[in-house]
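For this chain, numbers begin at 1 and follow the sequence in order.
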Amino acid sequence: MIRRDLLKSVAAFALCPAFARADEAAPTPFSKQGLVDLARDVARKPYAKRATVPQAWQDMSYDEYRSIWFRSSDAIWSDTDYPLRLDLFHPGLYFPNTVEVNLVEDGQSRVLPFDFSLFDKTDMAPDLPLDGHLGYSGVRLRAELEKPGIFQEYAVFQGASYFRVIARDLVYGLSARGLAVNTAAPEGEEFPDFTRFWIERPAMGATTHKIHALMESPSVTGIYHFALRPNGKATDVDVSCTLFPRVELGNIGIAPLTSMFFFDETNRNRFDDFRPAVHDSDGLSVLNGRGEMIWRPLANPRDVQVSSFVDENPQGFGLAQRERRFSDFADLEALYHKRPSVWITPGEDWGRGAVTLVEIPTDKEIYDNIVAYWRPRDPLAAGSEHSFSYHMTWVDQIETKKPVSQVLNTRIGRGFTHGEKKVVAIDFAPHEALPDDLENLVIHVSSNRLEVSEGLVQRNPDTGGPRLAFSFQPGDVTAAELRAQLFYQGRSVTEVWLYRWTA
């Protein structure tokens with residue numbers, strides 16, 4: 001699990017002194033093909049462990065790390081009319097390794113050297129050595145999201161191969177990664193690092209910002225290309241990558257998303273908390289290759305659980321935050337109702353594999369415990385070369401991908417009668433595909449191990465849509481899959497609701 005609070009903290013970087021010092025390094029020609037060739041060459045060599053910053057930087061406390069920040073008024077391109085401001089983060093604490101940052105202008109790439117004088121600090125900041133392997137730990141992008149001349153942050157690349165993106169009126173929540181390797185594997189997960197960045201200076205009036213990253217780990221090398229378009233209510237990101245496995249990769253995740261789910265109405269009884277729910281995302285949404293729209297509510301299980309939605313050429317998937325009212329969370333600081341949702345659309349046929357969901361137990365909301373990604377069925381052979389592309393939409397609510405009623409909420413708990421009977425209540429949104437008379441709906445409820453009731457549909461007076469309720473008796477069953485959906489005139493008019501119940 002990944003510590004989340006520091007990844008959300010922000011710092012900044014300046015242009016003028018650092019860019020002047022960058023003249024010490026000779027510029028080199030830049031091209032996307034040149035980056036692919038670089039990654040291929042790096043993959044052919046033995047993996048080199050990265051140097052770390054001096055120990056005093058690593059020993060900083062969380063508060064000490066936050067006591068140092070960059071003067072964002074001096075950001076790269078701050079005194080120009082270019083439509084992008086670039087800030088950088090200092091290293092230390094959870095970020096013991098540095099990254100190489102390159103600016104690309106007029107077809108030439110130039111390294112930015114580290115300049116600690118560009119950062120401000122409070123009296124709490126410790127005295128830190130300025131010799132040794134120092135550098136930046138990540139980058140932040142800012143653009144004019146609401147008003148001309150006002151540059152607001154919308155993307156951060158920091159830590160391993162993690163990056164976070166938001167749109168207007170949202171706050172940071174779930175994050176993405178370049179690649180997942182051996183997630184939930186007994187031998188332990190490997191976290192590849194973005195070790196070098198190339199940020200292109202955008203043309204005047206451009207609405208797309210381009211950043212490139214070299215990814216390295218003992219198992220794989222890759223080159224990633226990002227084209228980011230902050231469009232106000234949504235931020236679109238096109239991602240393409242070329243991977244060069246050093247070893248056979250049998251357990252990898254393409255387009256991995258990482259989030260946090262602590263509790264909601266499905267497991268509220270386990271937590272003594274004043275808030276009704278705490279999570280960055282409440283469900284996994286999948287549009288599979290057969291055209292089924294699937295909704296899988298997230299869980300905070302007692303043991304690690306992995307769910308594989310086997311498919312061929314998925315049309316898309318994502319992690320969503322569907323609860324959007326302040327009263328859903330009642331948290332004035334975390335603002336969980338403003339966390340983004342992300343939808344992934346493959347750029348080409350991905351073949352056979354599985355949309356994979358990993359849920360990890362957590363007793364604190366500061367840890368990410370949810371991972372979702374596409375896992376190819378066939379391993380990637382050592383020494384081979386593989387390219388993938390996909391489109392990401394970071395938004396508050398994911399647009400409906402199919403004309404069916406979406407799941408609004410899931411509630412699970414003990415029924416009115418004595419005993420161990422459990423009741424499941426699924427609220428669906430109003431939709432034109434639904435009949436006016438809900439009695440005309442055909443209910444489908446099933447389970448692989450449990451005996452479930454036939455189910456009952458009633459209109460929810462608060463949402464205006466149907467509520468499907470059914471029950472089951474757990475008995476000695478400790479884990480089971482549940483499936484539910486509503487049909488009208490022979491076709492499904494709701495998402496397919498899937499859930500893994502555990503005792």
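Within the 3.5 Å criterion, the main-chain N or O of T195 finds no donor-acceptor partner in the side chain of D193. In this structure a side-chain-to-backbone donor-acceptor pair under 3.5 Å is missing from D87 to V139. Between the D282 side chain and the R322 main chain, a donor and an acceptor come within less than 3.5 Å of each other. The backbone N or O of R325 sits less than 3.5 Å from a side-chain atom of D328, completing a donor-acceptor pair. Not a single donor-acceptor pair under 3.5 Å links the side chain of R196 to the backbone N or O of A213. Formation of a donor-acceptor pair under 3.5 Å by the R324 side chain with backbone atoms of H337 is found in this model. In terms of modelled atom types and a separation under 3.5 Å, the side chain of H209 and the main chain of P83 share a donor-acceptor contact. Remark: the backbone N or O of P379 is not paired with any side-chain donor or acceptor of E248 at under 3.5 angstrom. Formation of a donor-acceptor pair under 3.5 Å by the N369 side chain with backbone atoms of T258 is not found in this model. In this structure a side-chain-to-backbone donor-acceptor pair under 3.5 Å is present from D331 to E333.
In terms of heavy atoms, G178 sits closest to F194 at CA-CZ, 4.0 Å. Here the shortest heavy-atom pairing between P202 and Y82 reads O-CD2, 3.1 Å. Here the closest heavy-atom approach between residue F157 and residue I211 is recorded as CZ-CG2, 3.9 Å. Between W69 and S67 the shortest heavy-atom distance is CZ3-O, 3.2 Å. Closest approach of V358 to A184, counting heavy atoms only: CG1-CB, 4.0 Å. Considering all non-hydrogen atoms of both residues, H90 and I68 come closest at NE2-O, 3.1 Å.
E265 is not listed as a side-chain neighbour of I412, based on a closest heavy-atom distance of 4.5 Å or more. Counting heavy atoms from C-beta outward, E100 and V111 have side chains that approach closer than 4.5 Å. Counting only heavy atoms from C-beta outward, the side chains of F95 and F89 never approach each other to under 4.5 Å. Side-chain contact between F151 and E144 is present, with heavy atoms from C-beta onward closer than 4.5 Å. Between R246 and V42, some side-chain heavy-atom pair lies under the 4.5 Å cut-off. Between L228 and Y154 there is a side-chain heavy-atom pair separated by less than 4.5 Å. Looking only at side-chain heavy atoms (C-beta outward), I370 and I360 stay at 4.5 Å or farther from each other. The side-chain heavy atoms of I252 and R375, taken from C-beta on, include no pair separated by under 4.5 Å.
No hydrogens or angles considered: a donor-acceptor pair under 3.5 Å links the side chains of Y172 and E153. Between the side chains of T266 and D264, at least one donor N or O lies within less than 3.5 Å of an accepting N or O. No side-chain donor from either of T221 and E216 sits under 3.5 Å from a side-chain acceptor of the other. Counting only N and O atoms by type, the side chains of D303 and Q305 include no donor and acceptor under 3.5 Å apart. For the residue pair Q321/S341, the side-chain donor-acceptor check at 3.5 Å is not satisfied. Using modelled atom types, one finds a donor on one side chain and an acceptor on the other under 3.5 Å when comparing E200 with H212. If you check the side chains of D63 and S61, you find no donor sitting under 3.5 Å from an acceptor. For the 3.5 Å distance criterion, the side chains of Q55 and W57 fail to qualify, holding no donor opposite an acceptor. Of the N and O atoms on the side chains of S281 and H279, not one donor lies less than 3.5 Å from an acceptor on the other residue.
For T122, the side chain to side chain donor-acceptor pair (under 3.5 Å) test picks out no residue, with sequence neighbours left out. Residues passing the salt bridge (charged side-chain N to carboxylate O under 4.0 Å, His left out) test with D59, sequence neighbours excluded: none.
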- request: For side chain to side chain contact (heavy atoms under 4.5 Å, CB included), just list the numbers for V99 and F197, CA-CA rounded to whole Å, side-chain angles, deciding distance to a tenth of an Å, and then say yes or no.
  value: CA-CA 7 Å; V99 298; F197 288 100; 4.0 Å; yes
task: Let me see the working for T393 and V342 under side chain to side chain contact (heavy atoms under 4.5 Å, CB included), right down to the final yes or no.
output: CA-CA 5 Å; T393 301; V342 181; over 6 Å; no
message: Applying salt bridge (charged side-chain N to carboxylate O under 4.0 Å, His left out) to K233 and D169, what does each step give before you reach the verdict?
response: CA-CA 8 Å; K233 293 298 291 183; D169 300 326; 3.8 Å; yes
message: side chain to side chain contact (heavy atoms under 4.5 Å, CB included), that's the test. Do K210 and H225 meet it? Break it down for me.
response: CA-CA 7 Å; K210 297 181 179 179; H225 311 283; over 6 Å; no
message: Between T208 and F226, is the side chain to side chain contact (heavy atoms under 4.5 Å, CB included) condition met? List the steps.
response: CA-CA 10 Å; T208 299; F226 301 91; over 6 Å; no
field: Chi angles and distances behind the side-chain hydrogen bond (donor to acceptor under 3.5 Å, both in side chains) call for D236, N231
entry: CA-CA 7 Å; D236 294 307; N231 301 318; 2.9 Å; yes
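Screening R296, R302, R500 for a salt bridge (Lys or Arg N to Asp or Glu O under 4.0 Å) involving E359 leaves a single residue, R296.
Note: D396 CG to I166 CD1 = 12.5 Å, rounded to the nearest 0.5 Å. L118 CG to R71 CZ: the interatomic distance, rounded to the nearest 0.5 Å, is 5.5 Å. To the nearest 0.5 Å, the span separating CZ on F263 from CG on D272 amounts to 9.5 Å. Atoms CG and CG, from N102 and L35 in turn, are 9.0 Å apart once rounded to the nearest 0.5 Å. Rounding to the nearest 0.5 Å gives a distance of 8.0 Å between CG of N97 and NE2 of H133. Rounding to the nearest 0.5 angstrom, the gap separating the OG atom in S384 from the CG atom in L249 is 7.5 Å.
A salt bridge does not link D273 with R268: none of the charged nitrogens is closer than 4.0 Å to a carboxylate oxygen.
Y336 and F329 have tilted rings, their planes meeting at an angle from 30° to 60° on a 0 to 90° scale.
Residue-environment remark: CD (E187) exceeds the threshold of 12 foreign heavy atoms within 6.0 Å.
Both tests do not hold together for R40 against F244: distance to the six-membered ring centre under 6.0 Å, angle to the ring axis within 45°.
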